[in-house]
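Have a look at the structure below before the remarks.
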There are 2 protein chains.
Amino acid sequence: MATGRNHRPATRSRGIPEATVARLPLYLRALTALSERSVPTVSSEELASAAGVNSAKLRKDFSYLGSYGTRGVGYDVEYLVYQISRELGLTQDWPVVIVGIGNLGAALANYGGFASRGFRVAALIDADPALAGRQVAGIGVRHVDELESIIETNGVSIGVITTPGGAAQQVCDRLVAAGVTSILNFAPTVLTVPDGVDVRKVDLSIELQILAFHEQRKAAESLTQDVPEPLAPGAAAPAPGRDQGPDGDIPAVMPA
Amino acid sequence: MATGRNHRPATRSRGIPEATVARLPLYLRALTALSERSVPTVSSEELASAAGVNSAKLRKDFSYLGSYGTRGVGYDVEYLVYQISRELGLTQDWPVVIVGIGNLGAALANYGGFASRGFRVAALIDADPALAGRQVAGIGVRHVDELESIIETNGVSIGVITTPGGAAQQVCDRLVAAGVTSILNFAPTVLTVPDGVDVRKVDLSIELQILAFHEQRKAAESLTQDVPEPLAPGAAAPAPGRDQGPDGDIPAVMPA
DNA sequence: TAGATTGTTAATCGATTAACAATC
DNA sequence: TAGATTGTTAATCGATTAACAATC
C-alpha cells in the first residue's frame with residue numbers, strides 16, 4: 001500500500017515497486033554528492049555503501065529503471081543522476097503550498113533542500129490574520145481565505161499540512177477540492193481523502209516511540225545476558241551497522 | 001533493515017515484527033482518542049478504521065502482543081492503551097536531547113506530543129555560543145561542549161539530530177561515545193553507527209520526491225486515458241481512500 | 001585474454017489478507 | 001441459543017538476497 005490509490009496494484013504501470021521508488025531519492029542524493037566531487041563513474045558496491053543499502057538491492061532497483069550501467073565498469077554518475085531525476089519527476093517544477101505557519105511550517109519554508117530538487121514554495125498559508133502579510137523565509141504569508149485562488153493560480157498539485165491536528169482534515173478537504181492531488185501531512189491525524197489523492201505522513205512522535213521500543217528491548221537484554229558471549233577464536237567481530245531505519249519507506253531530510 | 005543491529009533477525013526475542021511495531025503508535029493514538037471520549041470498548045473493525053488500517057491486519061498485529069480482546073465484544077480501551085504503552089516502553093520516562101537548535105530543532109522543542117508519551121527533553125544543544133543560555137520552548141540552550149556531561153548526568157539514551165548535514169556524523173559520534181544508543185536523524189546524511197545503535201531518519205525531501213513520482217504518473221495517465229472508463233452499471237464507485245503512505249514504516253506527527 | 005562488474009534468476013523471507021473456527 | 005467478534009490459519013503477495021552468467 002502507500003499511495004492512497006488503493007484500487008490499484010502497488011506496482012504501477014511501468015512496474016516500479018514502491019520500495020524501490022522510496023529508495024531512489026537516497027541514490028539520487030549519494031549520486032549528487034559524487035557529481036559535486038566530479039566523480040565520473042561509480043560501482044554498485046560503492047554507491048550502495050554511500051546510500052546505506054546493499055549492492056544487490058541497488059542493482060535490483062536499477063534494473064527496474066533500465067540498463068544504465070556498463071559491466072566491468074559501473075555507472076556513469078551524471079547519466080544516472082539524470083535518469084533517476086527524470087524517473088522521480090524532478091526534471092520539472094513542482095509548486096507546493098505549506099499550510100500552517102507555526103514553528104514547523106517556518107522550518108520547512110526555510111529548508112533549502114526544496115528548490116534544488118524542483119520544488120518551489122508557491123505560498124505559505126495560515127489561518128491567523130495577524131500572520132498574513134508577514135514574511136517567513138522571504139515569502140509572504142497569505143490568509144487561508146485565499147487558499148483556493150492560490151492553488152488555482154499557481155497550478156499547485158502538492159500541499160504540505162503543518163497545522164494542528166484539529167484543523168488538518170478541514171485543510172485537506174479544501175486543498176483537495178481546489179485541485180491538490182498529493183499531500184504531505186505533518187499533523188497527528190489520519191486524513192481521509194478521495195481516491196486518486198496520495199497522502200504521505202511524517203510523524204515524529206511515532207518515530208520516537210519505535211526507538212523507545214527497541215531501547216527497551218536493549219535494556220531487557222542487557223539484564224538477562226549481562227555477559228556477552230565470547231567470540232569464537234577467528235570469528236568476525238560484529239561489523240558497524242549502516243542501517244538507517246526501515247529503508248522500505250521513509251523519508252527525506254531536513255537540516256535545521 | 002531498520003534497526004542498525006543488523007546481525008539480528010528483524011523479528012526479535014519475543015517476536016514482534018517490525019511492521020507491527022511501527023503500527024502500534026497508530027493504534028495507541030486512536031485508542032487514546034477513544035479513551036478521552038470515555039469509550040469503554042472498541043471492535044477491531046472500528047479501531048482499524050480510526051487508525052487507517054484494515055481489521056485483519058490489526059487483529060494479526062494484536063495477536064503478537066497476546067490475547068487482549070474478548071470474542072463477541074471487542075477490546076477494552078483502557079486495558080489496551082496500557083498494554084500497548086507498556087510494549088512500546090512508554091510507561092517509563094525517556095530523557096532525550098535535541099542537537100541543533102535551528103528552525104527545526106525549535107519546532108521539535110515546542111512539540112507538545114513529547115511529554116504526553118513519556119519523552120522528556122532533557123536539553124537543547126547547539127554549537128553556536130550566541131544561542132547558549134537563550135530559552136527555546138522554556139528550555140535553556142546549552143553549548144555543545146557540554147554534550148557529554150549532559151548525556152551522562154541525565155542518563156540520556158535517545159538523541160535527536162537536527163543539525164545541518166555536515167555536522168551530523170560528528171554529533172552522532174559524540175552522542176554514541178557518550179552513551180546514546182538510539183538516534184532520530186533529521187539531517188540529510190547517512191549516519192554510520194556501531195552495532196547496537198539504532199538510527200531512524202526523517203527526511204522531508206525524500207517524502208516530497210516520492211509524492212512527485214506518483215504525481216508524475218497521474219499526469220501521464222490522464223494524458224493517455226483522458227476519458228475515464230465508464231463504470232459498468234451496478235459497479236461500485238471507487239471508495240474514498242484511507243491510505244496514509246507506506247504504513248510499514250513511517251513516522252510520528254508534529255503539529256506546528 | 002583476464003579481471004571487473006552488471007543485470008537477472010531463483011530461493012528465501014517477511015507482510016498482508018481473507019476466511020473461519022473458537023468462543024464470548 | 002443466536003449473534004457478534006476475536007484469534008489463528010493458510011494462501012498470497014511483495015521485498016530481499018545470494019549467486020552467477022553475461023559482457024564490458
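Throughout, a chain's letter reflects where its sequence line sits, starting with A, and its residues are numbered from 1. Both backbone and side-chain heavy atoms feed into the values below; hydrogens, waters and symmetry mates do not.
A sub-4.0 Å separation between OP1 or OP2 of C:dT6 and a side-chain N or O of A:Ser44 is present.
As a whole-Å value, the separation of B:Leu80 CG from D:dG7 C1' is 14 Å. Between B:Glu18 atom CD and D:dA15 atom P there is a gap of 17 Å when expressed in whole angstrom units. The nearest whole Å value for the distance from the CG atom in A:Leu24 to the P atom in D:dA15 is 13 Å. Computed from coordinates, the A:Leu58 CG to D:dA15 P distance equals 16 Å when rounded to whole Å. In this structure, CG of B:Asp76 is placed 13 Å from P of D:dT6, rounded to the nearest angstrom. Rounded to whole Å, the distance from CD1 on A:Ile16 to P on D:dG14 is 15 Å. Rounded to whole angstrom, the span from the CD atom of B:Glu45 across to the P atom of C:dA18 amounts to 11 Å.
Remark: the A:Arg59 side chain and the A:Ser44 side chain contain an N/O donor-acceptor pair separated by less than 3.5 Å. Defined by atom type and a distance below 3.5 Å, a donor-acceptor pair is present between the side-chain atoms of A:Gln83 and A:Tyr79.
Within a 6.0 Å sphere centred on CD of A:Gln92, other residues, nucleotides and ligands contribute more than 12 heavy atoms.
When the nucleotides D:dT8, D:dA15, C:dG7 are ranked by their closest atom to the side chain of B:Arg59, D:dT8 comes out on top. Of the candidates C:dG7, D:dG7, C:dC24, the closest approach to any side-chain atom of A:Tyr75 belongs to C:dG7. The side chain of B:Lys60 lies closest to D:dT8 when the candidates are D:dT8, C:dT6, D:dC24. Of the candidates D:dT17, D:dA15, D:dT8, D:dT8 carries the atom nearest the B:Ser63 side chain, counting heavy atoms from C-beta on. Relative to the side chain of B:Lys57, the nucleotides D:dT8, C:dT17, C:dC24 differ in distance, and C:dT17 lies closest. Of the candidate nucleotides C:dT17, C:dT9, C:dT6, C:dT6 has the atom lying nearest to any side-chain atom of A:Arg71. Distance from the side chain of A:Pro17 is smallest for D:dA15 among the nucleotides D:dC24, D:dA15, C:dT9. The side chain of B:Asn54 has C:dT17 as its nearest neighbour among C:dT17, C:dT16, C:dC24.
Of all heavy-atom pairs between B:Val171 and B:Thr163, the closest is CG2-CG2, 4.1 Å. Nearest heavy-atom pair across B:Leu90 and B:Arg117 is CD2-O, 3.5 Å. Contact detail for B:Thr32 and B:Val81: the closest heavy-atom pair is N-CG2, 4.3 Å.
Pairing for D:dT23 goes to C:dA4, judged as Watson-Crick or G-U wobble with the two contacts each under 3.5 Å. Across all strands shown, the partner of D:dT9 is C:dA18, judged by Watson-Crick or G-U wobble contacts whose two distances both fall under 3.5 Å.
Within a heavy-atom distance below 4.0 Å of DNA chain D, no residue of residues 30-41 of chain B is found.
Across the interface with DNA chain D, nearest-nucleotide mapping of B:Val73 and A:Asp61 shows B:Val73 to be the residue nearer the 5′ end.
If you look at A:Tyr68 and A:Phe62, their ring centroids are not closer than 6.0 Å. For A:Tyr111 and A:Phe114, the ring centers are positioned less than 6.0 Å apart.
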